[in-house]
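Heads up: the structure comes next, in C-alpha coordinates.
Numbers for residues simply follow the sequence, beginning at 1. Just so you know, these numbers use all the heavy atoms, side chains as well, and skip hydrogens, waters and symmetry mates.
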Amino acid sequence: MTENFQFTLRRTDAGARLGEISMPRGTIRTPAFMPVGTVGTVKAMYLDQVRETGADIILGNTYHLMLRPTAERVARLGGLHSLIRWEHPILTDSGGFQVMSLSGLRKLDEQGVTFKSHVDGSLHHMSPERSIEIQGLLGSDIQMQLDECVALPAEPREIERAMELSLRWAERCKIAFGNQLGKAMFGIVQGGDIPALRIRSAEELAQLDLKGYAVGGLAVGEPQDVMLKMLEETLPVLPGEKPRYLMGVGTPDDILKSVARGIDMFDCVMPTRSGRHGLAFTRRGKVNIRNARHAEDVRPLDEESNCPASRDYSRAYLHHLVRANEALGGMLLSWHNLSYYQELMQGIRTAIAEDRFADFMAETQEEWAKGDLERA
(Lines give C-alpha, C1' and ligand atoms only; values in the text may rest on other atoms or scores of the structure.)
Protein backbone atom coordinates (compact mmCIF):
# COMPACT_ATOMS: atom_id res chain seq x y z
CA MET A 1 0.00 0.00 0.00
CA THR A 2 0.98 3.62 -0.44
CA GLU A 3 -0.33 7.03 0.60
CA ASN A 4 -0.79 8.01 -3.01
CA PHE A 5 -1.88 6.44 -6.29
CA GLN A 6 1.02 4.70 -8.02
CA PHE A 7 1.19 2.38 -11.01
CA THR A 8 4.25 0.18 -11.42
CA LEU A 9 4.85 -1.75 -14.64
CA ARG A 10 6.67 -4.90 -13.51
CA ARG A 11 7.16 -6.76 -16.77
CA THR A 12 6.07 -6.90 -20.39
CA ASP A 13 5.71 -9.95 -22.62
CA ALA A 14 5.25 -8.73 -26.17
CA GLY A 15 2.17 -6.50 -25.78
CA ALA A 16 0.99 -7.97 -22.47
CA ARG A 17 1.79 -6.01 -19.30
CA LEU A 18 2.22 -7.15 -15.70
CA GLY A 19 1.93 -4.46 -13.06
CA GLU A 20 0.28 -3.23 -9.92
CA ILE A 21 -1.58 -0.18 -8.73
CA SER A 22 -0.81 0.85 -5.16
CA MET A 23 -3.37 2.91 -3.25
CA PRO A 24 -4.09 3.60 0.42
CA ARG A 25 -6.87 0.98 0.42
CA GLY A 26 -4.76 -1.73 -1.15
CA THR A 27 -2.86 -3.06 -4.14
CA ILE A 28 -4.51 -3.95 -7.45
CA ARG A 29 -2.64 -6.63 -9.38
CA THR A 30 -2.82 -6.05 -13.13
CA PRO A 31 -4.11 -7.28 -15.49
CA ALA A 32 -7.16 -7.06 -13.22
CA PHE A 33 -10.82 -7.97 -13.57
CA MET A 34 -13.20 -5.79 -11.54
CA PRO A 35 -16.54 -7.39 -10.56
CA VAL A 36 -19.41 -4.97 -11.09
CA GLY A 37 -21.19 -3.85 -7.93
CA THR A 38 -23.75 -1.61 -9.62
CA VAL A 39 -25.83 -0.45 -6.65
CA GLY A 40 -23.38 -1.33 -3.89
CA THR A 41 -23.68 -5.08 -4.35
CA VAL A 42 -22.15 -7.61 -6.71
CA LYS A 43 -25.42 -9.32 -7.58
CA ALA A 44 -26.05 -12.66 -5.85
CA MET A 45 -22.71 -12.49 -4.01
CA TYR A 46 -21.48 -11.69 -0.51
CA LEU A 47 -18.57 -9.28 -0.81
CA ASP A 48 -16.48 -11.55 1.42
CA GLN A 49 -16.92 -14.20 -1.28
CA VAL A 50 -15.99 -11.70 -3.98
CA ARG A 51 -12.75 -10.97 -2.14
CA GLU A 52 -12.03 -14.67 -1.70
CA THR A 53 -12.26 -15.23 -5.45
CA GLY A 54 -9.21 -12.98 -5.81
CA ALA A 55 -10.77 -9.60 -6.60
CA ASP A 56 -8.62 -6.62 -5.56
CA ILE A 57 -11.16 -3.97 -6.61
CA ILE A 58 -14.85 -3.71 -7.47
CA LEU A 59 -16.83 -1.22 -9.52
CA GLY A 60 -19.75 0.95 -8.40
CA ASN A 61 -22.26 2.79 -10.57
CA THR A 62 -22.58 6.54 -10.13
CA TYR A 63 -25.92 6.86 -11.94
CA HIS A 64 -27.73 4.22 -9.89
CA LEU A 65 -26.23 5.24 -6.55
CA MET A 66 -27.00 8.93 -7.08
CA LEU A 67 -30.68 8.04 -7.53
CA ARG A 68 -30.87 5.69 -4.56
CA PRO A 69 -29.88 5.78 -1.84
CA THR A 70 -28.33 9.09 -3.15
CA ALA A 71 -24.69 10.10 -2.91
CA GLU A 72 -25.40 12.50 -0.06
CA ARG A 73 -26.96 9.74 2.03
CA VAL A 74 -24.05 7.40 1.31
CA ALA A 75 -21.67 10.15 2.47
CA ARG A 76 -23.66 10.65 5.70
CA LEU A 77 -23.44 6.91 6.30
CA GLY A 78 -19.65 6.98 6.11
CA GLY A 79 -19.08 6.42 2.40
CA LEU A 80 -19.61 3.47 0.11
CA HIS A 81 -16.76 1.37 1.53
CA SER A 82 -18.22 1.53 5.02
CA LEU A 83 -21.81 1.05 3.89
CA ILE A 84 -21.16 -2.13 1.90
CA ARG A 85 -18.33 -3.47 4.09
CA TRP A 86 -15.65 -3.47 1.38
CA GLU A 87 -12.33 -2.11 2.66
CA HIS A 88 -10.50 -2.37 -0.65
CA PRO A 89 -10.38 -0.07 -3.70
CA ILE A 90 -13.56 0.90 -5.53
CA LEU A 91 -13.73 2.37 -9.04
CA THR A 92 -16.86 4.28 -9.95
CA ASP A 93 -17.96 4.99 -13.49
CA SER A 94 -19.11 8.52 -14.23
CA GLY A 95 -22.76 7.74 -14.87
CA GLY A 96 -22.39 8.83 -18.47
CA PHE A 97 -23.03 5.46 -20.09
CA GLN A 98 -26.33 4.95 -18.25
CA VAL A 99 -27.50 8.52 -18.78
CA MET A 100 -26.71 8.41 -22.51
CA SER A 101 -28.67 5.18 -22.85
CA LEU A 102 -31.84 6.89 -21.61
CA SER A 103 -32.26 8.56 -25.04
CA GLY A 104 -35.82 9.85 -24.85
CA LEU A 105 -35.50 10.70 -21.17
CA ARG A 106 -32.49 13.01 -21.45
CA LYS A 107 -31.35 16.29 -23.00
CA LEU A 108 -27.68 16.87 -23.77
CA ASP A 109 -25.83 20.20 -24.06
CA GLU A 110 -22.36 21.62 -23.45
CA GLN A 111 -22.95 21.94 -19.73
CA GLY A 112 -23.99 18.35 -19.18
CA VAL A 113 -27.04 16.11 -19.33
CA THR A 114 -30.50 16.70 -17.92
CA PHE A 115 -32.43 13.47 -17.50
CA LYS A 116 -35.40 11.83 -15.88
CA SER A 117 -34.85 9.09 -13.33
CA HIS A 118 -35.94 5.66 -14.51
CA VAL A 119 -36.93 5.02 -10.89
CA ASP A 120 -39.49 7.77 -10.23
CA GLY A 121 -39.35 10.20 -13.14
CA SER A 122 -37.64 12.94 -11.10
CA LEU A 123 -35.47 15.42 -13.02
CA HIS A 124 -31.68 15.51 -12.52
CA HIS A 125 -28.72 17.32 -14.07
CA MET A 126 -25.34 15.66 -14.49
CA SER A 127 -22.46 17.98 -15.36
CA PRO A 128 -18.79 16.97 -15.38
CA GLU A 129 -18.39 18.77 -12.05
CA ARG A 130 -21.46 17.10 -10.52
CA SER A 131 -20.26 13.66 -11.64
CA ILE A 132 -16.95 14.16 -9.85
CA GLU A 133 -18.75 15.57 -6.82
CA ILE A 134 -20.99 12.50 -6.60
CA GLN A 135 -18.04 10.13 -6.95
CA GLY A 136 -16.29 12.04 -4.17
CA LEU A 137 -19.33 11.76 -1.90
CA LEU A 138 -19.36 8.03 -2.52
CA GLY A 139 -15.70 7.89 -1.51
CA SER A 140 -14.52 6.32 -4.77
CA ASP A 141 -10.79 5.56 -5.07
CA ILE A 142 -10.70 5.72 -8.90
CA GLN A 143 -13.13 8.17 -10.48
CA MET A 144 -14.03 8.36 -14.15
CA GLN A 145 -14.57 11.48 -16.22
CA LEU A 146 -18.05 12.18 -17.56
CA ASP A 147 -18.15 11.34 -21.26
CA GLU A 148 -20.66 10.86 -24.05
CA CYS A 149 -20.75 7.27 -25.25
CA VAL A 150 -22.25 6.84 -28.71
CA ALA A 151 -23.70 3.45 -29.61
CA LEU A 152 -22.26 1.91 -32.77
CA PRO A 153 -22.89 2.04 -35.66
CA ALA A 154 -23.17 5.83 -35.84
CA GLU A 155 -22.53 8.62 -38.33
CA PRO A 156 -18.92 9.92 -38.36
CA ARG A 157 -20.05 13.48 -37.60
CA GLU A 158 -21.94 12.28 -34.53
CA ILE A 159 -18.97 10.22 -33.33
CA GLU A 160 -16.62 13.20 -33.76
CA ARG A 161 -19.00 15.59 -31.97
CA ALA A 162 -19.30 13.25 -28.98
CA MET A 163 -15.54 12.66 -28.88
CA GLU A 164 -14.78 16.40 -28.85
CA LEU A 165 -17.41 17.04 -26.18
CA SER A 166 -15.91 14.25 -24.06
CA LEU A 167 -12.48 15.89 -24.35
CA ARG A 168 -13.83 19.21 -23.10
CA TRP A 169 -15.60 17.43 -20.27
CA ALA A 170 -12.36 15.64 -19.37
CA GLU A 171 -10.66 18.98 -18.78
CA ARG A 172 -13.52 20.14 -16.56
CA CYS A 173 -13.45 16.86 -14.62
CA LYS A 174 -9.72 17.22 -14.04
CA ILE A 175 -10.23 20.69 -12.57
CA ALA A 176 -13.14 19.50 -10.43
CA PHE A 177 -11.16 16.50 -9.18
CA GLY A 178 -8.19 18.63 -8.17
CA ASN A 179 -5.42 16.88 -6.25
CA GLN A 180 -7.02 14.20 -4.09
CA LEU A 181 -4.28 12.40 -2.21
CA GLY A 182 -4.43 8.64 -2.62
CA LYS A 183 -7.09 8.78 -5.34
CA ALA A 184 -7.14 9.00 -9.12
CA MET A 185 -9.25 10.26 -11.99
CA PHE A 186 -9.11 8.48 -15.34
CA GLY A 187 -9.89 9.97 -18.73
CA ILE A 188 -11.89 8.05 -21.33
CA VAL A 189 -10.85 7.69 -24.98
CA GLN A 190 -13.79 7.96 -27.38
CA GLY A 191 -13.99 8.01 -31.17
CA GLY A 192 -16.21 5.08 -32.04
CA ASP A 193 -14.86 2.86 -34.80
CA ILE A 194 -12.89 5.62 -36.55
CA PRO A 195 -9.12 5.20 -35.98
CA ALA A 196 -8.23 8.86 -36.62
CA LEU A 197 -10.72 10.02 -33.99
CA ARG A 198 -9.51 7.44 -31.47
CA ILE A 199 -5.93 8.58 -31.98
CA ARG A 200 -6.85 12.26 -31.62
CA SER A 201 -8.82 11.55 -28.46
CA ALA A 202 -5.92 9.57 -26.96
CA GLU A 203 -3.36 12.23 -27.88
CA GLU A 204 -5.33 15.07 -26.34
CA LEU A 205 -6.19 13.11 -23.19
CA ALA A 206 -2.52 12.19 -22.77
CA GLN A 207 -1.69 15.92 -22.65
CA LEU A 208 -3.87 16.26 -19.54
CA ASP A 209 -1.41 13.99 -17.66
CA LEU A 210 -4.10 12.03 -15.83
CA LYS A 211 -3.43 9.12 -13.46
CA GLY A 212 -4.89 6.57 -15.88
CA TYR A 213 -6.76 6.17 -19.13
CA ALA A 214 -9.78 4.13 -20.18
CA VAL A 215 -10.93 3.09 -23.61
CA GLY A 216 -14.69 3.59 -23.76
CA GLY A 217 -17.40 3.23 -26.35
CA LEU A 218 -16.45 -0.34 -27.28
CA ALA A 219 -18.27 -3.60 -26.52
CA VAL A 220 -21.45 -1.72 -27.49
CA GLY A 221 -22.46 -3.96 -30.36
CA GLU A 222 -19.47 -3.84 -32.71
CA PRO A 223 -17.71 -7.09 -33.78
CA GLN A 224 -14.71 -8.20 -31.74
CA ASP A 225 -12.28 -7.52 -34.61
CA VAL A 226 -13.38 -3.87 -34.68
CA MET A 227 -12.81 -3.56 -30.93
CA LEU A 228 -9.34 -5.08 -31.23
CA LYS A 229 -8.43 -2.83 -34.17
CA MET A 230 -9.41 0.24 -32.14
CA LEU A 231 -7.18 -0.95 -29.31
CA GLU A 232 -4.28 -1.46 -31.71
CA GLU A 233 -4.72 2.10 -32.99
CA THR A 234 -5.27 3.71 -29.59
CA LEU A 235 -2.96 2.08 -27.05
CA PRO A 236 0.38 3.06 -28.66
CA VAL A 237 -0.67 6.71 -28.26
CA LEU A 238 -1.43 6.46 -24.54
CA PRO A 239 1.36 6.89 -21.97
CA GLY A 240 2.98 3.53 -21.32
CA GLU A 241 3.59 4.30 -17.66
CA LYS A 242 -0.13 4.78 -16.90
CA PRO A 243 -2.76 2.04 -16.42
CA ARG A 244 -5.12 1.29 -19.30
CA TYR A 245 -8.70 0.25 -18.65
CA LEU A 246 -11.06 -1.26 -21.25
CA MET A 247 -14.56 -0.46 -20.05
CA GLY A 248 -17.35 -3.04 -20.08
CA VAL A 249 -15.29 -5.96 -21.42
CA GLY A 250 -16.04 -8.77 -21.52
CA THR A 251 -15.86 -12.46 -22.42
CA PRO A 252 -12.80 -14.49 -21.39
CA ASP A 253 -11.69 -14.45 -25.04
CA ASP A 254 -12.09 -10.65 -25.21
CA ILE A 255 -9.93 -10.36 -22.10
CA LEU A 256 -7.15 -12.60 -23.40
CA LYS A 257 -6.92 -10.78 -26.72
CA SER A 258 -7.09 -7.35 -25.09
CA VAL A 259 -4.34 -8.22 -22.60
CA ALA A 260 -2.21 -9.25 -25.58
CA ARG A 261 -2.63 -5.70 -26.89
CA GLY A 262 -1.74 -3.97 -23.62
CA ILE A 263 -4.91 -3.56 -21.51
CA ASP A 264 -4.47 -3.63 -17.72
CA MET A 265 -8.01 -3.43 -16.30
CA PHE A 266 -11.43 -4.82 -17.18
CA ASP A 267 -14.97 -4.83 -15.82
CA CYS A 268 -18.11 -6.58 -16.99
CA VAL A 269 -21.45 -7.81 -15.65
CA MET A 270 -21.14 -10.95 -17.78
CA PRO A 271 -19.97 -13.45 -15.13
CA THR A 272 -22.73 -12.63 -12.67
CA ARG A 273 -25.47 -11.96 -15.24
CA SER A 274 -24.67 -15.21 -17.04
CA GLY A 275 -24.61 -17.09 -13.76
CA ARG A 276 -28.09 -15.88 -12.87
CA HIS A 277 -29.29 -17.26 -16.21
CA GLY A 278 -27.68 -20.68 -15.88
CA LEU A 279 -24.53 -20.16 -17.97
CA ALA A 280 -21.13 -21.15 -16.57
CA PHE A 281 -17.70 -20.21 -17.91
CA THR A 282 -15.20 -23.04 -17.47
CA ARG A 283 -11.74 -24.18 -18.54
CA ARG A 284 -13.51 -26.18 -21.27
CA GLY A 285 -15.65 -23.33 -22.54
CA LYS A 286 -19.22 -22.30 -21.77
CA VAL A 287 -21.65 -24.71 -20.11
CA ASN A 288 -25.41 -24.17 -20.16
CA ILE A 289 -26.41 -25.88 -16.93
CA ARG A 290 -30.09 -25.71 -17.96
CA ASN A 291 -29.53 -28.40 -20.60
CA ALA A 292 -31.12 -31.77 -19.86
CA ARG A 293 -27.76 -33.54 -20.23
CA HIS A 294 -26.81 -32.28 -16.75
CA ALA A 295 -29.93 -33.56 -14.98
CA GLU A 296 -28.24 -36.71 -13.62
CA ASP A 297 -24.58 -35.68 -13.86
CA VAL A 298 -22.96 -36.01 -10.45
CA ARG A 299 -19.71 -34.35 -11.55
CA PRO A 300 -18.97 -30.79 -10.41
CA LEU A 301 -18.34 -28.01 -12.90
CA ASP A 302 -14.62 -28.14 -12.16
CA GLU A 303 -13.15 -30.61 -9.70
CA GLU A 304 -9.75 -28.84 -9.87
CA SER A 305 -11.07 -25.42 -8.83
CA ASN A 306 -10.46 -23.89 -5.41
CA CYS A 307 -13.98 -22.45 -5.46
CA PRO A 308 -16.53 -24.49 -3.48
CA ALA A 309 -19.30 -23.63 -5.94
CA SER A 310 -17.21 -25.08 -8.78
CA ARG A 311 -15.86 -28.08 -6.90
CA ASP A 312 -18.39 -29.25 -4.31
CA TYR A 313 -21.81 -29.09 -5.99
CA SER A 314 -22.94 -31.52 -8.66
CA ARG A 315 -24.13 -30.41 -12.06
CA ALA A 316 -27.34 -32.30 -11.33
CA TYR A 317 -28.01 -30.10 -8.29
CA LEU A 318 -27.10 -26.91 -10.14
CA HIS A 319 -29.38 -27.98 -13.00
CA HIS A 320 -32.23 -28.62 -10.56
CA LEU A 321 -31.77 -25.24 -8.84
CA VAL A 322 -31.72 -23.29 -12.10
CA ARG A 323 -34.69 -25.14 -13.61
CA ALA A 324 -36.63 -24.60 -10.37
CA ASN A 325 -35.77 -20.87 -10.42
CA GLU A 326 -34.20 -21.14 -6.98
CA ALA A 327 -32.07 -18.12 -6.01
CA LEU A 328 -29.29 -20.44 -4.83
CA GLY A 329 -28.68 -21.57 -8.41
CA GLY A 330 -27.81 -18.06 -9.55
CA MET A 331 -25.73 -17.50 -6.42
CA LEU A 332 -23.62 -20.63 -6.93
CA LEU A 333 -23.11 -20.05 -10.66
CA SER A 334 -22.21 -16.38 -10.10
CA TRP A 335 -19.68 -17.50 -7.49
CA HIS A 336 -18.29 -20.07 -9.89
CA ASN A 337 -18.06 -17.59 -12.79
CA LEU A 338 -16.34 -14.87 -10.77
CA SER A 339 -13.89 -17.47 -9.48
CA TYR A 340 -13.18 -18.63 -13.02
CA TYR A 341 -12.57 -15.07 -14.18
CA GLN A 342 -10.16 -14.41 -11.31
CA GLU A 343 -8.37 -17.73 -11.92
CA LEU A 344 -8.00 -16.69 -15.56
CA MET A 345 -6.51 -13.33 -14.50
CA GLN A 346 -4.09 -15.04 -12.14
CA GLY A 347 -3.06 -17.40 -14.92
CA ILE A 348 -2.49 -14.42 -17.20
CA ARG A 349 -0.35 -12.62 -14.59
CA THR A 350 1.73 -15.72 -13.92
CA ALA A 351 2.27 -16.34 -17.63
CA ILE A 352 3.44 -12.76 -18.23
CA ALA A 353 5.83 -13.04 -15.27
CA GLU A 354 7.28 -16.20 -16.84
CA ASP A 355 7.46 -14.74 -20.39
CA ARG A 356 5.03 -17.33 -21.70
CA PHE A 357 1.83 -15.37 -22.25
CA ALA A 358 1.51 -16.37 -25.93
CA ASP A 359 1.74 -20.05 -24.97
CA PHE A 360 -0.77 -19.57 -22.14
CA MET A 361 -3.18 -17.84 -24.49
CA ALA A 362 -2.90 -20.62 -27.09
CA GLU A 363 -3.31 -23.36 -24.48
CA THR A 364 -6.34 -21.66 -22.93
CA GLN A 365 -8.05 -21.17 -26.29
CA GLU A 366 -7.31 -24.79 -27.21
CA GLU A 367 -9.02 -26.00 -24.04
CA TRP A 368 -12.06 -23.80 -24.72
CA ALA A 369 -12.28 -25.20 -28.24
CA LYS A 370 -12.52 -28.79 -26.94
CA GLY A 371 -15.87 -28.00 -25.37
CA ASP A 372 -17.37 -29.40 -22.20
CA LEU A 373 -16.48 -32.93 -21.17
CA GLU A 374 -18.91 -35.61 -22.26
CA ARG A 375 -20.36 -37.88 -19.59
CA ALA A 376 -18.55 -41.18 -19.19
Side-chain angles (χ1 to χ4, degrees), residues 25 28 32-45 47 50 55-75 77 79-86 88-103 105-106 112-113 115-120 122 124-128 130-149 151 166 169 173 177 183-188 212 214-220 245-250 265-276 334 338 341:
R25 291 188 183 274
I28 304 161
F33 179 81
M34 302 180 284
V36 177
T38 303
V39 294
T41 171
V42 177
K43 290 190 188 308
M45 293 286 293
L47 286 178
V50 173
D56 295 329
I57 178 173
I58 62 172
L59 182 144
N61 186 276
T62 294
Y63 168 79
H64 288 284
L65 290 168
M66 72 173 281
L67 295 179
R68 57 183 180 193
T70 76
E72 285 75 13
R73 178 171 291 170
V74 171
L77 293 169
L80 191 58
H81 296 83
S82 175
L83 180 64
I84 69 176
R85 296 183 66 250
W86 175 264
H88 316 287
I90 294 176
L91 180 148
T92 46
D93 60 17
S94 67
F97 181 82
Q98 285 73 26
V99 169
M100 301 308 164
S101 68
L102 293 173
S103 58
L105 298 177
R106 52 98 171 166
V113 192
F115 62 95
K116 288 184 179 180
S117 163
H118 75 285
V119 176
D120 59 10
S122 58
H124 299 265
H125 182 71
M126 176 84 80
S127 65
R130 176 60 176 158
S131 175
I132 295 298
E133 179 188 18
I134 292 168
Q135 294 179 74
L137 289 168
L138 295 173
S140 169
D141 301 287
I142 300 177
Q143 302 172 24
M144 304 303 299
Q145 73 150 104
L146 183 65
D147 64 326
E148 182 182 359
C149 179
S166 296
W169 283 359
C173 284
F177 180 82
K183 298 188 176 186
M185 191 207 90
F186 284 15
I188 303 176
V215 179
L218 296 175
V220 289
Y245 164 29
L246 180 55
M247 305 183 76
V249 174
M265 302 169 69
F266 301 88
D267 81 280
C268 192
V269 298
M270 191 169 292
T272 48
R273 178 177 291 169
S274 297
R276 297 195 307 278
S334 295
L338 283 179
Y341 267 62

- prompt: Just by modelled atom types, is the T62 backbone N or O under 3.5 Å from a matching donor or acceptor in the Q135 side chain?
  reply: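 Not confirmed, Q135 side chain does not pair with T62 backbone.
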field: Check: Q145 side chain, M185 main-chain N or O, donor-acceptor pair, under 3.5 Å
entry: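 Pair absent, no side-chain N/O of Q145 close to backbone of M185.
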Considering all heavy atoms of both residues, which atom of [X] and which atom of [Y] are nearest to each other, and what is their separation?
| X | Y | answer |
| --- | --- | --- |
| L146 | P128 | CD2-N, 3.6 Å |
| L246 | V215 | CD1-O, 3.7 Å |
| M144 | S94 | O-CB, 3.4 Å |
| Y245 | L59 | OH-CD1, 3.3 Å |

message: I'd like to know whether V50 forms a side-chain contact (heavy atoms from CB on, under 4.5 Å) with L47, so could you lay out the CA-CA distance, the side-chain angles of the two residues, the decisive distance to 0.1 Å, and finally the verdict.
response: CA-CA 5 Å; V50 173; L47 286 178; 4.1 Å; yes
Side chain to side chain, [X] and [Y], heavy atoms closer than 4.5 Å:
| X | Y | result |
| --- | --- | --- |
| D93 | D267 | no |
| R130 | H124 | no |
| S82 | L77 | no |
| M126 | M66 | yes |
| K43 | S334 | no |
| L338 | F33 | yes |
| T272 | V36 | no |

- request: Check the angle between the aromatic planes of Y63 and F115 and answer parallel, tilted or perpendicular using the 30° and 60° thresholds.
  value: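 Rings of Y63 and F115: tilted, as their planes differ by 30° to 60°.
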[atom1] of [X] to [atom2] of [Y]: how many Å apart, nearest 0.5 Å?
| X | Y | atom1 | atom2 | result |
| --- | --- | --- | --- | --- |
| C268 | Y341 | SG | OH | 6.0 Å |
| I132 | F177 | CD1 | CZ | 7.0 Å |
| C149 | I188 | SG | CD1 | 8.5 Å |
| H88 | I58 | NE2 | CD1 | 9.0 Å |
| L138 | L65 | CG | CG | 5.5 Å |
| L91 | Q143 | CG | CD | 9.0 Å |

Qualifying residues under side chain to side chain donor-acceptor pair (under 3.5 Å), relative to S140, sequence neighbours excluded: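 For S140 the side chain to side chain donor-acceptor pair (under 3.5 Å) partners, ignoring immediate neighbours, are T92.
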field: salt bridge (Lys or Arg N to Asp or Glu O under 4.0 Å) contacts touching residues 136-148 (sequence neighbours left out)
entry: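 As it turns out, the salt bridge (Lys or Arg N to Asp or Glu O under 4.0 Å) pairs with a partner in residues 136-148, which skip direct neighbours, are R25-D141, E148-R161.
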Residues S127 and H125: side-chain donor-acceptor under 3.5 angstrom: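 No donor-acceptor contact under 3.5 Å links the two side chains.
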task: Step by step, work out the side-chain contact (heavy atoms from CB on, under 4.5 Å) result for L67 and H118.
output: CA-CA 9 Å; L67 295 179; H118 75 285; 3.9 Å; yes
Verdict with supporting geometry, F186 and M265, side-chain contact (heavy atoms from CB on, under 4.5 Å): CA-CA 12 Å; F186 284 15; M265 302 169 69; 4.0 Å; yes
